[in-house]
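When reading the values below, keep in mind they use all heavy atoms of this one structure, side chains included, and skip hydrogens, waters and symmetry mates. Ligands are counted one by one from 1 in listed order, and the atoms in each one are counted from 1 as well.
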Amino acid sequence: MTPITPAPSWNRSTRSRAHEKSEGALLKAEERLQAALVPRYHDLFVQIGRLEGGVKHLVDMRADTLDLLSSVKDSAELRSFSSCLREMLSHWFSAGLLHLQRITWESSCDILQKISEYEAVHPMRNWSDLKRRVGPYRRCFIFTHSTMPREPMVVLHTALTNQISDNIQTIVSTPILDEEDVDNINTAIFYSITSTQKGLQGVELGNYLIKRVVRELQAEFPKMTQFSSLSPIPGFRDWLVGEINKVLGSTESSSSEDSGVDGPSSTAPTLLTSAELQKVAEIAGKEDVSPLVTLKKLLQTNQWMGAESMVEVLKDPLMRLCARYLYLEKRRGYAVNPVANFHLRNGAVLWRLNWQADTGPRGISQSCGVMVNYRYFLGDTMRNSQRYMEEQHIEASQQVIDLAQAAGGADSP
Ligand SMILES: CC(C)(COP(=O)(O)OP(=O)(O)O)[C@@H](O)C(=O)NCCC(N)=O
């Protein structure tokens with residue numbers, strides 16, 4: 001075999017110089033292309049951001065853009081405008097530029113008033129409610145930003161307990177206790193989080209705040225070992241009514257088409273077992289009406305809560321269907337429920353469904369009174385978040401998985 005003779009040194013250096021030159025030219029061309037792709041309004045945003053009140057103006061401008069996007073048909077230009085703003089705001093509102101502040105009854109009135117007004121999850125009825133939320137066995141933390149010093153950007157309410165709460169009434173309606181017993185605290189329950197600036201949607205301030213507060217609480221309570229949310233399930237009741245309509249619609253269409261072949265009703269999603277439906281009809285005293293029609297009306301009017309026997313018979317199907325809604329219903333591969341998507345993005349586990357956890361009118365109307373614990377196992381959050389974001393994998397407890405699988409197993413209505 002002919003030995004490969006190395007090229008003379010002058011060839012090698014010439015070749016490497018030519019290679020470096022072409023590399024350099026390529027990099028310059030790439031920089032020119034990147035600059036050309038930056039929209040002109042990007043430089044305008046930079047100028048505005050440098051002005052007094054400019055960042056707040058850009059936050060409000062993005063909020064207006066999001067409102068526009070929700071009202072007009074999908075506009076690529078508007079979407080690009082919004083994502084350019086979001087990208088810049090995410091730099092200006094990065095974790096290192098946010099200031100953590102604990103709110104107590106001694107905080108200034110204007111901040112306390114905003115905490116009350118911004119509360120989006122469990123609205124406060126009066127000053128006593130507010131005092132309870134910042135008093136013993138409670139922690140309220142906010143992020144502020146130097147461009148809006150007296151504006152809570154995001155608010156997190158936490159209850160300090162000795163177990164993972166399964167009921168919101170025990171948190172927001174308990175009498176104000178005199179003082180905390182540190183030995184009685186080993187768990188943090190995140191029961192309300194609200195991002196107050198619509199223009200910062202997608203900047204993930206809530207995610208930053210939860211992680212920062214965990215560190216804060218670990219420092220204050222070294223014995224704290226459990227971190228979990230107690231979250232609402234907005235949209236579950238409406239989703240369930242939609243599923244009932246699908247079954248009713250498919251039953252009507254299959255009974256009207258006398259094709260003799262399995263119509264949509266044989267593939268319509270199963271909701272309740274025949275036995276469950278029969279009990280609903282008996283208890284409601286509507287045996288001459290389709291049990292699903294009766295159930296739909298009971299759900300839409302919250303009347304099912306009026307009879308203990310009805311509550312009992314609906315517990316199993318509603319828990320099954322809620323697990324299916326949270327664990328199996330997806331939009332573009334991710335959880336369809338926004339609160340589930342938020343906590344799963346953070347790396348939490350879909351850990352436990354709680355029956356009759358929120359029996360107030362709001363809880364019954366939005367989720368048939370069911371609430372969910374998204375549990376933060378600190379050593380696993382990064383992996384869980386990565387698996388959710390990259391593989392759409394939802395980490396869930398066996399209770400949730402069993403309930404969701406049972407939802408698929410109920411026989412046809
Ligand atoms: C759930 C929240 C806090 C998530 O906010 P954040 O972490 O900033 O996520 P994103 O809005 O940037 O995607 C936010 O969506 C919100 O305030 N939702 C309404 C109140 C609620 N907790 O459902």
Asker: Tell me, do I115 and M124 make a side-chain contact under 4.5 Å, heavy atoms counted?
Answerer: yes

Asker: Does K56 have any salt bridge (Lys or Arg N to Asp or Glu O under 4.0 Å) partners at least two apart in sequence or in another chain, and if so, which?
Answerer: D60

Asker: Which protein residues have a heavy atom under 4.0 Å from ligand 1?
Answerer: V121, I193, T194, S195, L200, Q201, G202, V203, E204, L205, G206, N207, V339, F342, R345

Asker: Do C368 and W304 come within less than 4.5 Å of each other through their side chains, counting heavy atoms only?
Answerer: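 C368 vs W304: side chains touch.
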
Asker: My understanding is that only residues two or more places apart in sequence, or in another chain, count here; which of them pass side chain to side chain contact (heavy atoms under 4.5 Å, CB included) with P317?
Answerer: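 Residues passing side chain to side chain contact (heavy atoms under 4.5 Å, CB included) with P317: L272, E276, L314, R320.
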
Asker: Sort and list the pairs that fulfil side chain to side chain donor-acceptor pair (under 3.5 Å) and have at least one residue in residues 367-378, not counting sequence neighbours.
Answerer: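 As it turns out, the side chain to side chain donor-acceptor pair (under 3.5 Å) pairs with a partner in residues 367-378, which skip direct neighbours, are Q226-R375, H343-Y376, N346-Y376, R352-N373, N354-N373.
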
Asker: Between S146 and H99, is any pair of side-chain heavy atoms under 4.5 Å apart?
Answerer: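 When only atoms from C-beta onward are counted, H99 and S146 do not touch, as no gap falls below 4.5 Å.
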
